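I have placed the structure first, in the form of structure tokens, so that the comments after it can refer back to it.
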Amino acid sequence: MPKTDDDLISFERDGAPPLPAPRMEGYVENDGARIWHAAFGAGPAVILLHGGLGHAGNWGKQVPALVAAGRTVVVIDSRGHGRSTRDAGPSGYGRMASDVLAVMDHLDIDKASLVGWSDGACTALILADRHPERVNGVFFFACNMDPSGTLDFQPTPVLDRCFHRHRLDYQALSATPDAFHSFVADVSRMMQTEPNYTAADLAGITVPVVIVLGEHDEFIRPEHAAYLAATIPQARLTILPGVSHFAPLQRPALFNDAVLRFLDRIGG
């Protein structure tokens, strides 16, 4: 496995490396859906929340590093993604935040650090806003918190490779493998209409947050990341050099180092 995969050629062909054997895995029923999750390792709890159209297996380059650093790592397939189901109602970041809370309750996790990637970052920050007593801090990678934060979509070979892998994984994992197009439509609607946090909303967030963006992110405006870091109390901004929206896959050592530095700083 190469140490870097900037063009996602290996990811398209093989997917992320397989997750290690979990110490537990299962489903939680919440708000009309069955939410798949798994736990690894021992120590302070860290929950990894993947991006839109992906699944928990996309963290295959992160879980071993975090377990080796002495953390309990929990991964979750977001509502409708991977092995998790969805109901007929529209998806929403608030619903997905409630799914994460349901998993925490099921696993008797009183408090956790959250690492969110794209849609997972928004989900993490909403959970931290609504239930700060349950969250040590949020590593917020590559997402927006209002519609002004996104760039106009520009197709690229990297995005095409990622989408192709997401399709293959959905068909292999989902309980509704023939429903990929309706799944994409549902997630796309959510992305286009949510989130809608105002500056006042952001100013009310009380947990430690680091706003992280790849230098070449295809979706998020750099000035929006700077705005989030300036508006959320005591938040910090980190730019990861040489990577894009897919840093956890492209250069995992760079990404993992940033995550561990944040966790060490907040004691998570």
Side-chain angles (χ1 to χ4, degrees), residues 1 3 5 10-11 14-30 33-51 54-79 81-85 96-97 99-121 123-124 127-128 134-141 165-166 169 172-174 210 212 246-268:
M1 179 65 64
K3 293 183 179 180
D5 188 20
S10 295
F11 178 64
D14 305 319
L19 294 172
R23 61 176 173 80
M24 66 77 56
E25 65 179 311
Y27 291 87
V28 169
E29 303 277 348
N30 186 62
R34 299 180 72 234
I35 307 301
W36 181 89
H37 57 282
F40 311 81
V46 180
I47 299 175
L48 305 182
L49 303 175
H50 63 79
H55 63 99
N58 295 158
W59 294 113
K61 296 182 178 183
Q62 281 66 54
V63 172
L66 290 170
V67 168
R71 268 71 177 192
T72 292
V73 183
V74 177
V75 298
I76 299 172
D77 280 345
S78 295
R79 169 178 298 262
H81 297 65
R83 288 143 287 208
S84 293
T85 66
M96 292 198 292
D99 295 335
V100 177
L101 193 63
V103 171
M104 292 177 67
D105 290 343
H106 178 71
L107 298 179
D108 293 322
I109 295 174
D110 180 61
K111 202 168 188 179
S113 303
L114 306 180
V115 177
W117 173 4
S118 194
D119 278 6
T123 300
L127 179 57
R134 305 294 298 274
V135 178
N136 290 316
V138 175
F139 186 96
F140 182 98
F141 175 64
R165 171 46 56 184
H166 287 337
D169 288 348
L173 296 173
S174 177
V210 62
V212 186
F246 308 102
L249 298 164
Q250 292 169 321
R251 302 190 189 182
L254 176 72
F255 185 85
N256 296 350
D257 180 66
V259 170
L260 287 169
R261 281 188 282 111
F262 174 69
L263 295 176
D264 287 343
R265 175 167 69 84
I266 67 171

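For clarity, every value in this text was computed on a predicted model and none was experimentally measured.
- Across every non-hydrogen atom of Gly60 and Pro64, the tightest pair is O-CD, 3.4 Å.
- Considering every non-hydrogen atom in both Val138 and Ala128, the closest pair reads CG2-CB, 3.7 Å.
- The list of salt bridge (charged side-chain N to carboxylate O under 4.0 Å, His left out) pairs with a residue in residues 109-120, not counting sequence neighbours, is empty.
- Of all heavy-atom pairs between Ala97 and Leu127, the closest is O-CD1, 3.9 Å.
- One distance of note links NE2 of His55 with OG of Ser78; it measures 11.5 Å at 0.5 Å rounding.
- Note that CZ of Phe139 and CH2 of Trp117 are 11.5 Å apart. Values are rounded to the nearest 0.5 Å.
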For residues 99-109, dump all side-chain donor-acceptor pairs below 3.5 Å to protein atoms at least two apart in sequence or in another chain.
unit_1 : atom_1 : unit_2 : atom_2 : d
Asp99  : OD1    : Asn30  : ND2    : 2.7
Asp99  : OD1    : Arg79  : NH2    : 2.8
Asp99  : OD2    : Arg79  : NE     : 3.0
Asp99  : OD2    : Arg79  : NH2    : 3.4
Asp105 : OD1    : Arg134 : NH1    : 3.0
Asp105 : OD1    : Arg134 : NH2    : 2.9

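- In this structure the side chain of Val115 reaches within 4.5 angstrom of the side chain of Trp59, judged on heavy atoms.
- Leu114 contributes atom CG, which lies 8.5 Å from atom CG of Asn136 (distance to the nearest 0.5 angstrom).
- In this structure, a donor-acceptor pair under 3.5 Å is absent between the side chains of Asn58 and His50.
- Residue Gly57 comes nearest to Ala16 through the heavy atom pair O-CB, 3.3 Å, listed as atom of the first residue, atom of the second, then distance.
- The ring-ring contact (aromatic ring centres under 6.0 Å, His included) search around Phe140 returns none, not counting sequence neighbours.
- Distance CD1/Ile35 to CE/Met96: 9.5 Å, rounded to 0.5 Å.
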Only distances under 3.5 Å count here; give the side-chain donor-acceptor pairs of residues 18-28 to other protein atoms, sequence neighbours excluded, each with its distance to 0.1 Å.
unit_1 : atom_1 : unit_2 : atom_2 : d
Arg23  : NE     : Gly41  : O      : 2.8
Glu25  : OE1    : Trp36  : NE1    : 3.2

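- Rounded to the nearest 0.5 angstrom, Gln62 CD and Asn256 CG are separated by 4.5 Å.
- Residues Ala112 and Ile47 come closest through the heavy atom pair CB-CD1, 3.8 Å.
- Pairs engaging residues 41-51 under the salt bridge (charged side-chain N to carboxylate O under 4.0 Å, His left out) rule: none recorded [sequence neighbours left out].
- Looking at every heavy atom in both residues, Gly70 comes nearest to Pro44 through O-CD, 3.3 Å.
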Donor-acceptor contacts, no H, no angles, side chain residues 260-268, under 3.5 Å, sequence neighbours left out:
unit_1 : atom_1 : unit_2 : atom_2 : d
Arg261 : NE     : Asp257 : OD2    : 2.9
Arg261 : NH2    : Asp257 : OD2    : 3.4
Asp264 : OD1    : Arg71  : NH2    : 3.0

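- In this structure, Phe141 has its ring center under 6.0 Å from that of Phe255.
- For Thr72 (side chain) and Gly43 (main-chain N/O), a donor-acceptor pair under 3.5 Å exists by modelled atom type.
- Counting heavy atoms from C-beta outward, Leu48 and Leu66 have side chains that approach closer than 4.5 Å.
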